[in-house]
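Reviewing the structure listed below.
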Amino acid sequence: MNSLTLKQLRYFEALARHGHFGHAAQACAISQPALSMQIKELEEALGAVLVERGPRRLRLTSFGEQAAERARDILRAVDELGDLARASGEQLVGRLRLGVIPTVAPYLLPKIVGALTEAHPALEVRVRETVTPRLIAELDEGRLDAALVALPVSEPSLTEVALFAENFVLVRPGADDGKPVPSPAMLREMRLLLLEEGHCFRDQALAFCKMRNAPPREVLDASSLSTLVQMVGAGIGVTLIPEMAVPVETRSASVSVARFPAPEPSRTIGMVWRRTSPLAGQLEQIAGEVGRVGERAG
């Protein structure tokens with residue numbers, strides 16, 4: 001068998017992940033014909049077909065599915081070898097692939113990236129914003145080094161470090177300013193606007209309203225906190241948002257913000273990474289720095 005290359009394995013892993021030559025080529029920053037040629041050369045080196053090329057969609061062959069899993073393991077091991085080399089140095093250098101949930105990213109990321117690059121000039125922070133289930137999957141696959149999420153995630157393979165806590169606030173139309181703050185039971189009878197399925201903040205809001213196991217009277221979903229607040233400003237309903245989002249999301253909406261009486265609904269933001277990561281020591285240090293940024297922003 002001819003020798004394989006890491007480049008071929010990375011291109012094949014991207015193809016297996018995206019299921020589309022064009023999307024995989026874009027993710028790898030190469031042309032589609034170049035990617036296709038590399039996959040063909042990999043198949044020739046292996047002496048087996050990896051991909052079933054149809055007119056409308058791409059499928060991995062049975063061997064291709066097994067090869068994709070092995071390729072991910074090999075690439076993860078190679079990345080961890082590089083991490084091990086970086087961990088042996090005294091300074092934080094090189095690439096840090098950091099995942100962040102959407103209800104944190106717009107409000108803290110500029111401050112976090114600024115603080116990290118100031119403290120560690122040789123550190124290159126690469127950010128990935130998506131929902132918690134995808135971040136956990138990408139951590140497991142070795143495509144992320146760490147992620148900022150709402151705790152707990154309760155994954156045995158991950159280390160969890162709590163960074164800071166923040167409260168939720170009630171956002172309602174501006175005309176409701178000064179009215180009594182509704183109780184969780186009263187919220188269940190109102191038109192409650194929430195993030196769509198997949199966002200952990202949705203589950204936390206439903207838990208506060210004790211609606212997790214009971215169908216709400218009326219719930220409307222949105223893809224972002226910005227959309228939720230604008231809908232409230234239009235008089236469509238009420239919503240809950242994390243306190244860190246208030247300065248950004250309410251500045252252009254005709255809404256009022258109210259705090260709940262104690263005990264206020266809240267969440268804990270933490271940082272997670274693989275227990276096996278060679279960068280564990282450095283990630284502990286970064287977690288402390290990110291935590292201080294979050295506390296100052298609160």
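Positions are given from 1 along the sequence.
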Is any side-chain heavy atom of Thr250 closer than 4.5 Å to a side-chain heavy atom of Val257? yes
Are any of the side-chain heavy atoms of Arg274 and Ser157 separated by less than 4.5 Å? no
Can you check whether Gly22's main-chain N or O pairs, donor with acceptor, with His20's side chain at less than 3.5 Å? yes
I would like to know whether Leu98 and Val113 meet side chain to side chain contact (heavy atoms under 4.5 Å, CB included); could you show each step before the answer? CA-CA 10 Å; Leu98 182 65; Val113 173; over 6 Å; no
Is it the case that the side chain of Glu43 and the backbone of Leu50 share a donor-acceptor pair, with hydrogens and angles ignored and the cut-off at 3.5 Å? yes
Does a side-chain N-to-carboxylate-O contact under 4.0 Å join Asp176 and Lys179? yes
Hey, what do you get for CD1 (Ile286) to CG (Leu123), rounding to the nearest 0.5 Å? 5.5 Å
Are Val248 and Ile101 grouped together when hydrophobic residues (ILVMFWY) are joined by side-chain heavy atoms under 4.5 angstrom apart? yes
State, with a plain yes or no, whether a side-chain heavy atom of Val238 is found less than 4.5 Å away from one of Leu193. no
Determine, step by step, whether Arg202 and Glu196 satisfy the salt bridge (Lys or Arg N to Asp or Glu O under 4.0 Å) criterion, reporting the C-alpha distance in whole Å, the side-chain angles of both residues, the deciding distance to 0.1 Å, and the verdict. CA-CA 7 Å; Arg202 172 192 175 91; Glu196 61 191 2; over 6 Å; no
Close side-chain approach of Leu170 and Ile241, heavy atoms under 4.5 Å: no
Non-hydrogen atoms of Gly142 and Arg76 that approach each other most closely: N-NE, 3.9 Å
Distance (rounded to the nearest 0.5 Å) between Glu129 CD and Leu135 CG: 9.0 Å
Between Thr268 and Phe164, is a side chain to side chain contact (heavy atoms under 4.5 Å, CB included) present by the stated rule, with each step listed? CA-CA 6 Å; Thr268 298; Phe164 59 91; over 6 Å; no
Can you give me the closest heavy-atom contact between Ala287 and Trp273, atom names plus distance? CB-CZ3, 4.2 Å
Is it the case that Glu289 and His120 place a side-chain donor and acceptor less than 3.5 Å from each other? yes
If hydrophobic clusters are built by linking Ile, Leu, Val, Met, Phe, Trp and Tyr wherever their side-chain heavy atoms come under 4.5 Å apart, do Phe168 and Val131 end up in the same one? no
Beyond-backbone contact of Glu69 with Gln66, side-chain heavy atoms, under 4.5 angstrom: no
Answer with yes or no whether the side chains of Thr103 and Arg267 bring together a donor and an acceptor at under 3.5 Å. yes
Taking Leu46 as the starting point, is it possible to reach Val49 by hopping between hydrophobic residues whose side chains are less than 4.5 Å apart? no
Kindly say whether Gly233 contributes a backbone atom to a donor-acceptor pair with the side chain of Arg172 at under 3.5 angstrom? no
Are Asp73 and Arg70 close enough, and set up right, to give a salt bridge (Lys or Arg N to Asp or Glu O under 4.0 Å), and what steps lead you there? CA-CA 5 Å; Asp73 291 340; Arg70 294 294 181 89; 5.3 Å; no
Mind checking whether Leu35 and Phe12 have side chains closer than 4.5 Å, heavy atoms only? no
Are Met37 and Leu58 connected into the same hydrophobic cluster when the rule is that any two of I, L, V, M, F, W, Y join if their side-chain heavy atoms are below 4.5 Å apart? no
What closest approach, in Å, do Ser36 and Phe21 show between heavy atoms, and which atom pair accounts for it? CA-CE2, 3.9 Å
Are Glu13 and Arg17 close enough for a salt bridge, meaning some N to O gap below 4.0 Å? yes
Looking only at heavy atoms, what is the nearest atom pair of Pro173 and Gly235, with distance? CG-CA, 4.3 Å
OG1 of Thr61 to CZ of Arg53, rounded to nearest 0.5 Å, is 10.0 Å
Side-chain touch Val125/Ile112, heavy atoms, less than 4.5 angstrom: no
Walk me through it: do Glu124 and Arg126 pass the test side chain to side chain contact (heavy atoms under 4.5 Å, CB included)? CA-CA 6 Å; Glu124 178 193 355; Arg126 298 184 185 179; 3.0 Å; yes
Any donor-acceptor N/O pair, Glu118 side chain to Ala115 backbone, under 3.5 Å: no
With heavy-atom distances below 4.5 Å as the criterion, would you say the side chains of Ile39 and Val51 are in contact? yes
Rounded to the nearest 0.5 Å, what's the gap from CG on Leu96 to CG on Leu279? Could you check? 8.0 Å
State which residues pass side-chain hydrogen bond (donor to acceptor under 3.5 Å, both in side chains) with Asp140; sequence neighbours excluded, sorted by chain then number. none
Ignoring hydrogens and geometry, is there a side-chain-to-backbone donor-acceptor pair from Thr117 to Gly114 under 3.5 Å? yes
Between Glu166 (side chain) and Pro242 (backbone), is there a donor-acceptor pair under 3.5 Å? no
Evaluate whether atom CD of Gln26 has more than 12 neighbouring non-hydrogen atoms of other residues, nucleotides or ligands under 6.0 angstrom away. no
Given the options Arg97, Arg95, Gln282, Asp145 meets side chain to side chain donor-acceptor pair (under 3.5 Å) only with Arg97
In the single-linkage hydrophobic clustering (I, L, V, M, F, W, Y; side-chain heavy atoms under 4.5 Å), do Met186 and Val171 co-cluster? no
Closest contact, heavy atoms only, Ser224 versus Thr227: OG-OG1, 3.0 Å
Does CD belonging to Glu141 count more than 12 external heavy atoms closer than 6.0 Å? yes
Residues Glu249 and Arg251 bridged, charged N to O under 4.0 Å: no
Sequence neighbours excluded, which residues qualify as side chain to side chain contact (heavy atoms under 4.5 Å, CB included) partners of Arg275? Thr159
Would you call Glu243-Arg259 a salt bridge at under 4.0 Å N-O? yes
Given His199 and Ser223, is the side chain to side chain contact (heavy atoms under 4.5 Å, CB included) satisfied, shown in steps? CA-CA 9 Å; His199 291 268; Ser223 60; 5.6 Å; no
Between Val255 and Val229 the two heavy atoms that sit nearest each other are CG1-O, 3.8 Å
